[in-house]
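Report on one structure; see the data block that follows.
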Amino acid sequence: MSQRPIYLDNHSTTAVDPRVLEAMLPYFGEYFGNPSSKTHVYGWEAAAAVEQARAEIAQILGATPAEIIFTSGATESNNLAIKGVAEAYYDRGRHFITVQTEHRAVLDPLRYLEGLGFVVTYLGVDGEGLLDPEAVARAIRPDTVLVSVMAANNEIGVLQDLAAIGAICKARGVLFHTDAAQAVGKIPLHVEAMGIDLLSFTAHKCHGPKGIGGLYVRQNQPRVKLAPQLHGGGQEQGLRSGTLYPPQIVGMAKALTLAVAQQSQEQQYIRQLRERLWLQLADLPEIYLNGHWHQRLAGNLHVSFGGIRGDTLLSALRQSLALSSGSACSSGSAQPSHVLLAIGRSPSLAAASLRFGISRFNTEWEIDRVAELVREQVHKLRTSS
Ligand SMILES: *Cc1c(COP(=O)(O)O)cnc(C)c1O
């Protein structure tokens, strides 16, 4: 009898919802056409499905369909937004502003630009992971072209004040990009209300398939210019060449539509599981909560344990719990998380951390079992050392 570990790594990826899979299947089968084929019904059917998905996603974000560009995921969207703006606005300025706690898919394109002579300001956050919007205002220079601030952090789940940052960028005539990979479907997002010019999203953090995402690109006030990073067949208004992938696009629209339709009830359910978990862990000695308690994703709990080695804790739990300490993308490396260092955690405390990511598929029974297993292992490791 082999029992699968309880899955609580929903910031790395999520299970595809069965309703999403069902919506995708016809586009692997009968409706297999290329949406760019204009001369027959196979192409028209695929194009109709893609355009309906585009319209649904646009509506969810408060955008128009032509402002949605499909990509392979948030990594590609961030690269297109950042490098695409850098190239298109080269003559206007070469200064970028971002935050130390961003995902590597924002930090690394910016590092790449630094190598080409661009200048990047990396703003710090407070002890709870929050960025002061006034710090953005102070960092803007005459040659600033883009501010990039993530909506929800992928490690500690904190939510930045997008509307305040967007208003500052608007007033100063600077473009505002947000990496919303962890936020779409989970918190209300509206590109007009929040003054967002570019927004990266992905399907697989929200019960959609992997390998599909998109970039919102504002077309009005201002019309954002982007230099394409993939050249070829000219799909997606020339901004992202490559044959569109209808099953994935339909699946993403279904996943986001489901998440938004049930958003407040579902997030309430998930938040209650998170609170249930924290209630059962909070009295452990030397346990530290990372990130602001209220201004965070409902499904995120991130804690550090004093006096314990992080890798020993994770491997002790591995049989029964699918968890990670932080970002899956950098979890191959033994470096302490740059996010935890940025909120002032010591390297050893940062290494002894667990990130719990709760989804609609978790149950109270699982949460109680998780709490029991974590308590047991923490106690064991502390008494053995
Ligand atoms: C997962 C994630 C990404 C990468 O998204 P992919 O679609 O896997 O490329 C980027 N940014 C954040 C904040 C993420 O959580």
Side-chain angles (χ1 to χ4, degrees), residues 7-16 20 57 68-84 98-112 122 125 129-131 147-160 162 165 176-187 189 196 198-216 229-230 240 242 245 248-249 251-253 255-256 259 290-291 295-300 302 323-332 337-340 342 355-359:
Y7 191 76
L8 271 189
D9 200 13
N10 286 292
H11 298 297
S12 295
T13 197
T14 55
V16 172
V20 169
I57 293 168
I68 303 297
I69 304 297
F70 292 120
T71 67
S72 63
T75 300
E76 186 188 332
S77 298
N78 289 341
N79 272 268
L80 175 57
I82 291 168
K83 295 178 197 167
T98 192
V99 189
Q100 290 169 1
T101 49
E102 290 291 310
H103 192 275
R104 293 241 76 91
V106 163
L107 294 176
D108 286 6
L110 287 169
R111 287 260 182 251
Y112 169 79
Y122 298 90
V125 293
L130 295 177
L131 171 69
V147 170
S148 182
V149 177
M150 73 200 318
N153 188 271
N154 53 297
E155 295 190 34
I156 57 177
V158 296
L159 308 176
Q160 302 298 355
L162 299 185
I165 299 164
F176 178 34
H177 167 247
T178 187
D179 175 353
Q182 296 285 346
V184 280
K186 297 173 194 148
I187 61 167
L189 285 173
I196 296 165
L198 293 145
L199 181 148
S200 302
F201 57 97
T202 189
H204 76 100
K205 307 284 174 66
C206 186
H207 305 293
K210 290 178 249 306
I212 187 72
L215 180 66
Y216 157 78
Q229 303 298 304
L230 282 178
R240 205 283 188 173
Y245 194 179
Q248 304 298 90
I249 291 169
M252 174 160 67
L256 295 182
N290 296 312
Q295 214 167 316
R296 77 194 295 143
L297 290 171
N300 176 280
H302 197 294
L323 269 184
S324 80
S325 55
S327 167
C329 321
S330 36
S331 62
S337 146
H338 67 286
V339 174
L340 296 180
R355 176 184 66 176
F356 302 94
I358 301 167
S359 86

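Whatever order the structure lists them in is the order used to number ligands and atoms, beginning at 1. On a predicted model such as this, the values are computed, not experimentally measured, just so you know.
For H11 (side chain) and I358 (main-chain N/O), no donor-acceptor pair under 3.5 Å exists by modelled atom type.
Ligand 1 places these atoms under 4.0 Å from at least one heavy atom of G73: 7 (O). Of all the atoms in ligand 1, the ones that sit under 4.0 Å from a non-hydrogen atom of N154 are 13 (C), 15 (O). The contact set between ligand 1 and M150, taken as ligand atoms under 4.0 Å from a residue heavy atom, comprises 13 (C). Of all atoms in ligand 1, numbered sequentially from 1 with element shown, those under 4.0 Å from a heavy atom of H204 are 6 (P), 7 (O), 8 (O).
Within the 4.0 Å heavy-atom shell around ligand 1 one does not find R104.
Any N or O atom pair closer than 3.5 Å counts here, and E76 shares no such pair with ligand 1. At under 3.5 Å, not a single nitrogen or oxygen of N78, backbone or side chain, sits near a nitrogen or oxygen of ligand 1. Of the polar atoms of S72, none of the N or O atoms is found under 3.5 Å from an N or O of ligand 1, judged by distance alone. Close N/O approach between Q182 and ligand 1 is found [any backbone or side-chain N/O within under 3.5 Å].
Between Q182 and M150, every side-chain heavy-atom pair lies at or beyond the 4.5 Å cut-off. L110 has its side chain within reach of Y122: a pair of non-hydrogen atoms, C-beta onward, lies under 4.5 Å apart.
Under the rule for a salt bridge (charged side-chain N to carboxylate O under 4.0 Å, His left out), the partners of E76 that lie at least two apart in sequence or sit in another chain are R240. Annotation: side chain to side chain contact (heavy atoms under 4.5 Å, CB included) contacts of S337 (sequence neighbours excluded): E155, V339, L340.
None of N78, D179, T178 except one satisfies the side-chain hydrogen bond (donor to acceptor under 3.5 Å, both in side chains) rule with S200; the exception is N78.
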Problem - side-chain contact (heavy atoms from CB on, under 4.5 Å) between Q295 and L159, intermediate numbers included - result: CA-CA 5 Å; Q295 214 167 316; L159 308 176; 4.3 Å; yes
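If you look at A74 next to ligand 1, the close heavy atoms, those under 4.0 Å, come from the backbone and the side chain alike. Contacts between D179 and ligand 1 below 4.0 angstrom, taking non-hydrogen atoms only, involve the side chain exclusively. The residue H11 has no part lying near ligand 1, judged by heavy-atom distances below 4.0 Å.
Of all heavy-atom pairs between L215 and T71, the closest is N-CG2, 4.4 Å.
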